[in-house]
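Remarks on the structure that follows.
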Amino acid sequence: MERYKKIIGDIALAQETKDDIRKKIIFSRAEKPRTINRKRLALVCLACLLLTCVAAFAINSIFDEGYISIIRGNSYRVQFKDVENRPITDFNEDIRSFDGEKNVVYDSLEEAELALGFDLITNGVISNGTPSYKYSLEKDDDFNAHCFTKYEGIDGRLFRAKTYASYRIDRFHVDVEAIVTAEHDAIAPEAVESYHYIGHSFGGSKEQELDGMSSEEYTAESGLPARIIRIDWKGDINDIWYEAVFHTNATSYLVRISGISANSEDEARDLLFDILEGFSF
Amino acid sequence: MERQAAARLFDQFGDDVFRLALSYLGNRYDAEDVCQGVFLKLIEHDVTISDGKEKAFLLTCTANECKNLLRSFWRKNVGELDDSLVFESDGDKEVWDAVMHLPTKYRLVVHLYYYEGYSQNEIADILKISVSAVQTRMSRAKKLLSKELD
């Protein structure tokens with residue numbers, strides 16, 4: 001391992017990067033106590049709206065009449081049905097205007113992507129199990145929200161879609177995720193309830209990294225029941241998450257607040273409740 | 001922590017923090033972000049570090065920041081291999097690739113042991129895991145590396 005030692009020892013921050021980071025350190029400011037303000041309230045409202053839109057988008061755009069279904073097996077089977085006017089702006093123009101139904105089998109991922117004009121792995125539509133994939137997003141400095149949808153299908157039929165959005169409210173990171181299901185033999189209705197509980201956050205060996213986790217039930221004024229989960233990851237000064245999970249209308253939802261500092265835990269919890277209280281269908 | 005003190009620590013340990021992050025994440029740009037984040041947090045959270053324990057503390061924070069990044073939602077969907085690193089020889093690249101192909105938790109232990117020269121007890125302390133876990137990771141990492149480099 002002497003060789004590794006030499007290789008890594010030869011690598012250093014570029015001088016330009018060093019200067020840049022140093023400047024940021026010198027001009028940074030300590031965290032100030034935060035107060036709830038109108039801007040934040042407006043953002044919470046937007047968050048609720050977005051959350052609702054996320055689900056609506058997924059339900060309407062996937063399980064309605066038109067769709068593109070991409071199923072990976074030994075080949076890549078792509079099924080088009082009444083694609084015209086669907087919200088799939090990333091695909092090729094001729095595909096976006098396709099009106100009708102067809103099935104095309106592509107022998108390779110490259111071939112499929114070339115035909116579709118769409119990077120399937122990058123966009124989380126499929127995974128090929130390699131660690132190298134990328135998703136680039138459009139950002140808005142004021143309201144940093146991103147959305148995309150992952151489709152899952154069997155036998156040419158879509159049965160599950162995940163839709164994600166991620167944005168910031170003040171210093172907190174807010175992630176919302178909706179898993180929408182359609183009627184299909186592959187999925188039991190009761191399984192919807194479990195999508196976002198435990199398994200989602202703590203899949204694999206992550207439990208080893210937990211310092212503690214607690215959960216409580218919460219019922220919003222609208223009657224929406226949610227499970228509030230506090231997650232304390234091990235050994236970091238900024239390592240607490242608050243999550244709310246709930247399910248309704250064959251959809252499982254997760255709202256996560258992270259980026260919580262030591263003295264802002266109560267505020268993060270309040271923010272989560274604010275979002276839940278503003279959630280409507 | 002005062003900004004000047006954080007800047008001094010950055011001058012002293014910035015490269016070490018960067019190298020650990022690079023070793024963990026395998027990507028220069030993510031490593032730079034983590035490096036910057038670690039030092040900014042010292043100021044934001046008004047962190048006090050005991051004398052003589054600065055480096056170990058910073059490496060602990062770095063490991064945690066890297067973990068946070070890897071487990072963050074977007075990172076699960078966003079990833080890229082770093083092709084910006086230049087190696088002196090094919091052999092060096094081979095060694096680097098072999099280390100980068102290790103599971104991240106093994107990589108971290110390998111870096112702290114072989115590059116930073118920490119003992120297994122110290123690594124356990126930095127990573128907040130048991131010594132036996134360090135030993136297990138070391139042993140598995142060695143096996144994987146020898147298999148990869150054979």
Side-chain angles (χ1 to χ4, degrees), chain A residues 1-14 17-18 20-31 122-124 127 130-137 146 148 150 164 166 171 173 175 177 201 205-206 208-209 211 233-239 241 254 256 258-259 261-263, chain B residues 1 3-4 6-7 9-11 14-15 17-19 22-23 26 28 31-32 35-36 39-47 60-61 63-65 67-68 71-74 76-81 85 87-88 91-93 95-96 98-99 105 110-111 113-115 117 127-129 133 142 145:
Chain A
M1 291 308 291
E2 279 305 308
R3 211 154 173 188
Y4 169 75
K5 193 174 170 180
K6 185 189 171 301
I7 296 167
I8 192 88
D10 287 344
I11 300 170
L13 283 164
T17 311
K18 271 187 185 167
D20 185 44
I21 295 177
R22 205 170 194 288
K23 206 181 289 176
K24 283 178 181 160
I25 292 170
I26 295 295
F27 292 105
S28 70
R29 283 186 294 184
E31 193 170 15
T122 292
N123 288 281
S127 166
T130 68
S132 176
Y133 50 92
K134 184 177 178 180
Y135 184 68
S136 56
L137 307 150
H146 318 296
F148 77 99
K150 180 176 182 175
Y164 310 95
S166 181
R171 288 195 187 89
H173 294 281
D175 293 317
E177 184 177 307
S201 288
S205 59
K206 290 284 170 57
Q208 299 168 7
E209 298 174 13
D211 254 350
W233 297 98
K234 274 189 177 169
D236 192 8
I237 50 178
N238 179 18
D239 218 9
W241 289 358
L254 175 142
R256 174 185 302 132
S258 57
S261 62
N263 57 0
Chain B
M1 177 174 287
R3 287 173 293 184
Q4 292 298 343
L9 284 179
F10 173 70
D11 291 341
D15 280 331
V17 165
F18 170 70
R19 285 184 191 117
L22 179 64
S23 167
R28 173 182 280 274
E32 287 173 359
C35 181
Q36 175 178 302
F39 287 96
L40 288 178
K41 277 186 180 174
L42 296 179
I43 303 164
E44 282 174 19
H45 299 279
D46 198 16
V47 173
T60 301
C61 290
N64 288 325
E65 278 293 301
K67 274 188 224 168
N68 281 346
R71 76 162 79 102
S72 71
F73 166 75
W74 285 108
K76 285 176 188 165
N77 299 285
V78 179
E80 55 189 38
L81 295 180
L85 299 172
F87 299 96
E88 277 182 13
D92 282 358
K93 186 169 186 327
V95 171
W96 178 259
V99 175
K105 60 184 179 182
V110 163
H111 179 86
Y113 187 79
Y114 287 108
Y115 178 72
L127 300 181
K128 313 288 181 210
I129 56 176
K142 280 182 193 169
L145 280 174

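For the pair B:D11 and A:R22, the salt-bridge criterion is met [side-chain N within less than 4.0 Å of a carboxylate O].
With a threshold of 4.5 angstrom between heavy atoms, A:I8 approaches chain B through its backbone and through its side chain. For A:K18, the parts lying under 4.5 angstrom from a heavy atom of chain B are both the backbone and the side chain. Looking at B:I129, there are no atoms closer than 4.5 Å to chain A (heavy atoms on both sides), in backbone or side chain.
The CZ atom of B:F39 sits 11.5 Å away from atom CD of B:E65, with the distance rounded to the nearest 0.5 Å.
Under the ring-ring contact (aromatic ring centres under 6.0 Å, His included) criterion, B:F18 pairs with no residue, sequence neighbours left out.
Residues A:Y4 and B:L145 have side chains not in contact (no heavy-atom distance under 4.5 Å, counting atoms from C-beta outward).
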